[in-house]
Undergrad: 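Structure in structure tokens, see below.
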Amino acid sequence: MISKKTLITRDNFDKLILPFYNPVSFIPVKGKGSRIWDQDGKEYIDFSGGIAVTSLGHCHSLLNKALKKQSKMLWHVSNFFTNEPTLKLAKKLTSFSFASKVFFANSGAEANEAAFKLARYYSCKRYNLKKNKIISFYNSFHGRTFFTVSVGGQSKYSDSFGPKPSGIIHASFNDINTVKNLINEHVCAIVVELIQGEGGIIPATKSFIKELRLLCNQHNIILIFDEIQTGIGRTGKLFSYEHYGVTPDILTLAKSLGGGFPISAMLATDEIASVIKVGIHGTTYGGNPLACAIAESVIDIVNTEKVLSGVEKKFKQIVFELNIINKHFNIFEEIRGRGLLIGIVLKSKYSYKIREILKFSFLEGVIFLTAGNNVIRLAPSLIISKIDIIEGMKRFHRALERCLF
């Protein structure tokens with residue numbers, strides 16, 4: 001426990017950190033499994049998963065082992081060299097996916113930035129310089145770099161920064177006709193989340209994704225799946241695209257891939273990779289040996305029948321508990337999502353209470369996220385225990401009683 005005399009408080013954040021964020025009042029200092037403890041020793045059950053990042057909970061023993069082992073061997077060498085953990089991780093990702101080539105970076109935004117650049121580069125080289133438009137979807141989210149936030153379909157994140165990159169157009173999610181109306185010979189890529197995360201935990205329909213693939217085939221368009229939030233077991237498959245029977249040309253990963261250690265990846269086919277020349281893109285820390293060693297361990301643990309089938313069982317358990325809660329309070333309009341990416345949609349008359357609901361949940365010792373103005377988001381560890389699920393839902397029930405009555 002931190003001494004009260006030297007305690008670093010939430011007030012220090014306002015004094016020291018640029019206010020891009022507005023963190024909650026308590027400061028976590030320790031985590032184990034699906035539970036964390038704050039400076040005062042208060043315990044919380046974590047259904048946020050670090051925004052779908054801590055896929056194996058906090059401080060998993062095997063990830064600690066991988067980190068400690070690699071930390072004694074090699075931390076960083078730059079992209080002037082390759083390294084063994086990078087190659088081993090790349091081999092596993094390509095072995096278990098549609099892809100033949102991998103590029104490693106450090107965040108979802110970087111992976112998507114690389115994907116969008118590569119899609120334009122490929123189309124310019126294979127076809128012509130005017131084939132450079134990217135179709136994305138309203139309410140989508142693809143990162144915070146200026147390019148990726150402009151591709152994302154939420155103007156609140158991209159306005160007020162001056163002129164936006166050109167050649168980006170938006171269609172309506174799950175509405176194939178709006179996509180067809182935008183397609184012409186200048187479109188080089190379509191990027192889609194298989195579940196819109198920040199947009200409200202809205203899954204893409206199977207027919208929509210299949211029709212996107214057909215359109216891309218017909219018009220020489222690159223299909224990009226943004227699986228930053230859905231990849232590496234989050235939906236009960238190693239990759240969410242496996243639910244759809246459709247493969248992309250490029251796929252991006254981050255979040256769960258590192259289990260809490262910063263790493264991302266862009267996966268691509270041999271055909272897409274065939275145009276690449278040395279030097280057209282890069283990143284200093286991409287393929288970091290520490291990150292890749294941990295990510296390989298994550299895949300070894302997640303890509304098993306026990307964990308992946310367990311995701312669906314845990315989804316059913318959480319939904320069962322939420323339905324019991326809703327029978328009592330009748331405030332949920334819908335429970336949606338797939339696997340352990342779940343959205344609780346509040347009825348319109350309760351939407352204004354969403355921040356208050358989260359506040360009382362924290363007070364009761366359970367942590368949730370939001371996804372939009374009326375959706376409570378759950379993205380817990382893929383191996384969260386039944387005990388933690390039931391106890392977390394009990395705390396949520398108490399929080400709603402305090403908030404609503």
Undergrad: Testing the basics here: between Ile190 and Cys216, what is the closest heavy-atom pair and its distance to 0.1 Å?
TA: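 Taking Ile190 first and Cys216 second, the nearest heavy atoms are CD1-SG, 3.8 Å.
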Undergrad: Would a line drawn from the ring center of Tyr121 to the ring center of His281 be shorter than 6.0 Å?
TA: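 Not close enough - the centres of the two rings lie 6.0 Å or further apart.
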Undergrad: Return the orientation label for the Tyr285 and His76 ring planes: parallel under 30°, perpendicular over 60°, tilted otherwise.
TA: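 Tilted: the ring planes of Tyr285 and His76 meet at 30° to 60°.
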Undergrad: Once side chain to side chain donor-acceptor pair (under 3.5 Å) is applied, do any residues pair with Asn128, and if so which ones, sequence neighbours excluded?
TA: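 Asn128 satisfies side chain to side chain donor-acceptor pair (under 3.5 Å) with no residue once adjacent residues are dropped.
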Undergrad: Kindly check if the number of other-residue, nucleotide or ligand heavy atoms within 6.0 Å of NZ (Lys359) is above 12?
TA: no
Undergrad: Tyr241 vs Phe98, test: ring-ring contact (aromatic ring centres under 6.0 Å, His included). Steps then yes/no.
TA: CA-CA 10 Å; Tyr241 75 78; Phe98 71 96; 5.7 Å; yes
Undergrad: Before giving the answer on side chain to side chain contact (heavy atoms under 4.5 Å, CB included), spell out for Leu129 and Cys124 the whole-Å C-alpha distance, their side-chain angles and the decisive distance to 0.1 Å.
TA: CA-CA 5 Å; Leu129 290 172; Cys124 288; 3.9 Å; yes
Undergrad: Return the minimal non-hydrogen interatomic distance between Leu89 and Ala295, and the atom names on each side.
TA: CD2-CB, 3.6 Å
Undergrad: Going through the distances and angles, do Phe208 and Phe173 end up as a side chain to side chain contact (heavy atoms under 4.5 Å, CB included)?
TA: CA-CA 9 Å; Phe208 180 64; Phe173 190 64; 4.2 Å; yes
Undergrad: Looking at Arg126 and Glu271, does any basic side-chain N land under 4.0 Å from a carboxylate oxygen?
TA: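 A salt bridge links Arg126 with Glu271.
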Undergrad: Over 60° means perpendicular and under 30° means parallel, so classify the ring planes of His142 and Phe116, tilted if in between.
TA: perpendicular
Undergrad: Does CZ in Phe96 sit with more than 12 non-hydrogen atoms of other residues, nucleotides or ligands closer than 6.0 Å?
TA: yes
Undergrad: Look only at the side chain of His243 and the backbone of Thr235, and say whether a donor-acceptor pair between them is shorter than 3.5 Å.
TA: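 Side chain of His243 to backbone of Thr235: a pair is present.
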Undergrad: Would you compute the distance between atom CG of Asn326 and atom CG of Leu346 and round it to the nearest 0.5 angstrom?
TA: 9.5 Å
Undergrad: So does Glu391 pair up with Arg395, basic N to acidic O under 4.0 Å?
TA: yes
Undergrad: Which value, rounded to the nearest 0.5 Å, describes the distance between Ile232 atom CD1 and Ile301 atom CD1?
TA: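 With rounding to 0.5 Å, CD1 (Ile232) is 12.5 Å from CD1 (Ile301).
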Undergrad: Could you give the distance from CD1 (Ile209) to CG (Leu194), rounded to the nearest 0.5 Å?
TA: 5.0 Å
Undergrad: Should we count CD1 of Ile17 as having more than 12 external heavy atoms under 6.0 Å?
TA: yes
Undergrad: Less than 6.0 Å separating the ring centroids of Phe396 and Phe368?
TA: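 So the answer is yes for these two rings.
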Undergrad: For the pair Asp249 and Arg213, find out whether any cationic side-chain nitrogen is under 4.0 Å from an anionic carboxylate oxygen.
TA: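 Salt bridge between Asp249 and Arg213, a charged N being under 4.0 Å from a carboxylate O: yes.
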Undergrad: Nearest 0.5 Å, please: how far is OG1 in Thr269 from NZ in Lys101?
TA: 9.0 Å
Undergrad: Walk me through it: do Lys347 and Asn330 pass the test side chain to side chain donor-acceptor pair (under 3.5 Å)?
TA: CA-CA 9 Å; Lys347 290 185 175 180; Asn330 194 30; 2.8 Å; yes
Undergrad: Run Asn112 and Thr252 through side chain to side chain donor-acceptor pair (under 3.5 Å) and show every step you take.
TA: CA-CA 6 Å; Asn112 280 333; Thr252 55; 2.8 Å; yes
Undergrad: Would a distance-only check, ignoring hydrogens and angles, find a side-chain to backbone donor-acceptor pair under 3.5 Å from Glu227 to Ser240?
TA: yes
Undergrad: With a sphere of 6.0 Å drawn around CZ of Phe320, does it hold more than 12 non-hydrogen atoms of other residues, nucleotides or ligands?
TA: no
Undergrad: Mind checking the NE2-NZ spacing from His58 to Lys32? Nearest 0.5 Å is all I need.
TA: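 Going from NE2 on His58 over to NZ on Lys32, the span is 11.5 Å.
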Undergrad: For Asn132, what residues pass the side chain to side chain contact (heavy atoms under 4.5 Å, CB included) criterion, not counting sequence neighbours?
TA: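 Asn132 satisfies side chain to side chain contact (heavy atoms under 4.5 Å, CB included) with Arg120 once adjacent residues are dropped.
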Undergrad: Are more than 12 heavy atoms from other residues, nucleotides or ligands located less than 6.0 Å from atom NZ of Lys156?
TA: yes
Undergrad: Within a 6.0 Å radius of atom NZ on Lys42, are there more than 12 heavy atoms belonging to other residues, nucleotides or ligands?
TA: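 Atom NZ in Lys42 is packed in, count exceeds 12.
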Undergrad: Say you draw a straight line from OG of Ser34 to CG of Leu56; how long is it, rounded to the nearest 0.5 Å?
TA: 10.0 Å
Undergrad: Testing the basics here: between Thr148 and Glu113, what is the closest heavy-atom pair and its distance to 0.1 Å?
TA: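 Reported closest heavy-atom pair: CG2-N, 3.6 Å.
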Undergrad: Decide, yes or no, whether a salt bridge links Lys394 with Glu321 under the criterion of side-chain N to carboxylate O below 4.0 Å.
TA: no
Undergrad: Identify the two heavy atoms, one from Pro380 and one from Leu378, that lie closest to each other, and give their separation to 0.1 Å.
TA: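 Looks like CD-C, 3.6 Å.
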Undergrad: Determine whether more than 12 heavy atoms belonging to other residues, nucleotides or ligands lie under 6.0 Å from atom CD of Glu84.
TA: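 Atom CD in Glu84 is not crowded, with 12 or fewer foreign heavy atoms closer than 6.0 Å.
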Undergrad: Please report the closest heavy-atom contact between Val366 and Tyr44, naming both atoms and the distance.
TA: N-CD2, 4.3 Å
Undergrad: Please examine the side chains of Ile250 and Met266, heavy atoms only from C-beta on, and report whether any two atoms are closer than 4.5 Å.
TA: yes
Undergrad: Shortest non-hydrogen contact from Leu63 to Ser297?
TA: CD2-OG, 3.6 Å
